[in-house]
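Shown next, in structure tokens, is the structure this report addresses.
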Amino acid sequence: MKAIKLDNPCRVEELRPIEVPVPQIKQGYALVKVKAFGVNESEVTSRKGESDSDFSFPRILGIEGVGVIEEVAQDSQLAVGQQVATMMGGLGRSTDGSYAEYMLVKEEHLIPFESSLDWGILGAIPEMLQTAYGSLTQGLQLGKGESLLVRGGSSTVGLMAIALGKDLGATVFATSRQENKLETLTHFGCDSPLLDDENLEQELLKIAPQGVDKVLELVGMTTLFQDMAFLKKGGYLCFTGALSGRWIAEQFSPFSIPKGKYLTSYAGDIHDLSAQVLNTMLAAVAKGDIKIPIAQIYHGLESVAQAHKNLESGQFIGKHVVII
């Protein structure tokens, strides 16, 4: 099969498919024929050799993917030809991932679904949906009628969280550091888009003078403490991402968390996204009730290098998806 397998850190131009053996089926695993996958920042980091210790070379990149079951082991609960999605769980980091024509995945890490949506749309969904949905439900326990601030709203997870927040019945505020992206926030359901500049606090208090019930933190430690100040008493803040690149606060004190407000985090777990939830979300996407942020769709493994270049450029809004 063709795959993009790296032996060492490399330049983006070196992301070229090569011939490698098709993985052999083993107990507890299924062989998936990859149809599409999203390209993620973590894969750019891995390509550069800057990942954490859970990543190792040689490796086929790709932390998420969608496809159909090609082969199953004896006594499998899955069926050949079944549509499945997968993400994380070591995929593309400690085990070979989705930048390939076939991938071998633990059955417990496969989510069955049925959908007639294009593979380009389906390929954008797994990691983005899982992270946004898990953050809102497991991290924030977002309820109908509550107010939600998405800090870093023009990121892929941010846009997905806006759409899901509205679907869950919340009033959604969201920020972007670029004024030309505010209209996009509205397009995905944001009730009040906010420019993330020195006037943010003043503008937010105009529309939510008592503060907000929940905050999804995607920018990182550079904005975390300001966001805690935006919370109502009894409100929750969930730290999920660090678009700023700052994950750690030096000399952090628990007493810096305001009294009566709650700080939690969400790191992603495939088991937080059930087949029922995924299929429900796909049906809502098919009906047009939920929008999926897609920047560009590419065709073939040969296009992965261009997808990485475009992702790194920062000039696009939404997910970069490769169809095989």
Side-chain angles (χ1 to χ4, degrees), residues 4 6 9-15 36-52 55 61-64 87 92 99 120-121 123-129 131-132 135 149-163 173-190 193-200 216-224 226-227 239-248 268 291-299 302-323:
I4 295 181
L6 305 183
C10 72
R11 296 176 293 109
V12 67
E13 293 81 9
E14 297 175 78
L15 289 174
F37 56 83
V39 175
N40 299 279
E41 293 282 359
S42 68
E43 294 147 11
V44 174
T45 301
S46 296
R47 186 198 85 223
K48 295 177 178 179
E50 300 171 356
S51 286
D52 294 333
F55 176 87
L61 297 179
I63 66 168
E64 65 174 320
M87 78 292 291
Y99 286 20
I121 297 174
I125 291 173
E127 187 272 343
M128 182 170 60
L129 171 62
T131 304
S135 296
L149 172 64
V150 180
R151 192 76 184 260
S154 57
S155 65
T156 55
V157 173
L159 293 173
M160 191 78 252
I162 292 169
F173 312 125
T175 70
S176 176
R177 289 172 294 176
Q178 299 181 46
E179 190 169 5
N180 61 356
K181 293 184 177 180
L182 296 182
E183 186 177 344
T184 300
L185 304 185
T186 302
H187 177 72
F188 282 88
C190 178
L194 297 162
L195 185 63
D196 197 341
D197 62 8
E198 66 277 5
N199 298 316
L200 174 62
L216 175 57
E217 180 60 78
L218 299 174
V219 174
M221 295 307 304
T222 56
T223 55
L224 180 75
Q226 183 186 43
D227 284 344
F239 186 105
T240 293
L243 296 167
S244 66
R246 284 191 56 190
W247 293 90
I248 298 173
K291 296 182 176 68
I292 300 298
I294 296 176
Q296 192 165 327
I297 294 174
Y298 309 80
H299 295 271
E302 295 79 6
S303 66
V304 168
Q306 187 61 54
H308 271 239
K309 288 179 183 178
N310 289 347
L311 175 60
E312 287 189 271
S313 75
Q315 297 177 2
F316 296 79
I317 298 176
K319 196 84 171 186
H320 297 268
V321 185
V322 176
I323 299 175

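Residue numbers start at 1 and run along the sequence shown. As the structure is a computational prediction, the values presented were derived from the model and not from experiment.
When every heavy atom of S155 is checked against every heavy atom of G152, the shortest pair comes out as OG-O, 2.9 Å. The heavy-atom pair separating G120 from I297 by the smallest distance is CA-CD1, 3.9 Å. When every heavy atom of L6 is checked against every heavy atom of C10, the shortest pair comes out as CD2-SG, 3.8 Å. V219 and T223 make their closest contact through CB-OG1, 3.3 Å (heavy atoms, listed as atom of the first residue, atom of the second, distance). What you find for A124 and I294 is that their closest heavy atoms are CB-CG1, 3.8 Å. The minimum heavy-atom distance between A132 and A161, with the atom names listed, is CB-N, 3.8 Å.
The shortest side-chain heavy-atom distance between L185 and L159 falls under the 4.5 Å cut-off. In this structure, the side chains of T45 and F55 stay at 4.5 Å or more apart for every pair of heavy atoms. For the pair K319 and P293, the minimum side-chain heavy-atom distance is 4.5 Å or more. Proximity of L200 to R151: side-chain heavy atoms (C-beta onward) are separated by under 4.5 Å at one or more points.
Formation of a donor-acceptor pair under 3.5 Å by the S46 side chain with backbone atoms of E43 is not found in this model. Looking only at distances, no side-chain donor or acceptor of Q306 sits under 3.5 Å from a matching main-chain atom of S303. In this structure a side-chain-to-backbone donor-acceptor pair under 3.5 Å is missing from E13 to A305. E64 contributes a side-chain N or O that, together with a main-chain N or O of E127, makes up a donor-acceptor pair within less than 3.5 Å. Between the side chain of N40 and the main chain of S42, no donor-acceptor pair closer than 3.5 Å is present. Looking at T240, its side chain never comes within 3.5 Å of a backbone N or O of E217 through a donor-acceptor pair.
We find the CE-CD1 distance between M128 and I292 to be 5.0 Å, quoted to the nearest 0.5 Å. Atom CG in L195 sits 11.0 Å away from atom CZ in R177 (nearest 0.5 Å). Note that CG of L311 and CD of Q296 are 11.5 Å apart. Values are rounded to the nearest 0.5 Å. Rounded to the nearest 0.5 angstrom, H308 NE2 and R47 CZ are separated by 6.0 Å. Residue S176 holds its OG atom at 5.5 Å from NZ of K181, rounded to the nearest 0.5 Å. Note that the OG1 atom of T156 and the CD1 atom of I317 stand 11.5 Å from one another [nearest 0.5 Å].
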With side-chain contact (heavy atoms from CB on, under 4.5 Å) as the criterion, how do Y298 and N310 come out once you've worked through the C-alpha distance, each side chain's angles and the decisive distance to 0.1 Å?
CA-CA 11 Å; Y298 309 80; N310 289 347; 2.9 Å; yes
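Classification of the F37-Y99 ring pair by plane angle, with boundaries at 30° and 60°, yields parallel.
Screening E14, E41, E312 for a salt bridge (charged side-chain N to carboxylate O under 4.0 Å, His left out) with K48, the sole residue that qualifies is E312.
No more than 12 heavy atoms of other residues, nucleotides or ligands lie within 6.0 Å of CD in E179, so this atom counts as exposed by the packing criterion.
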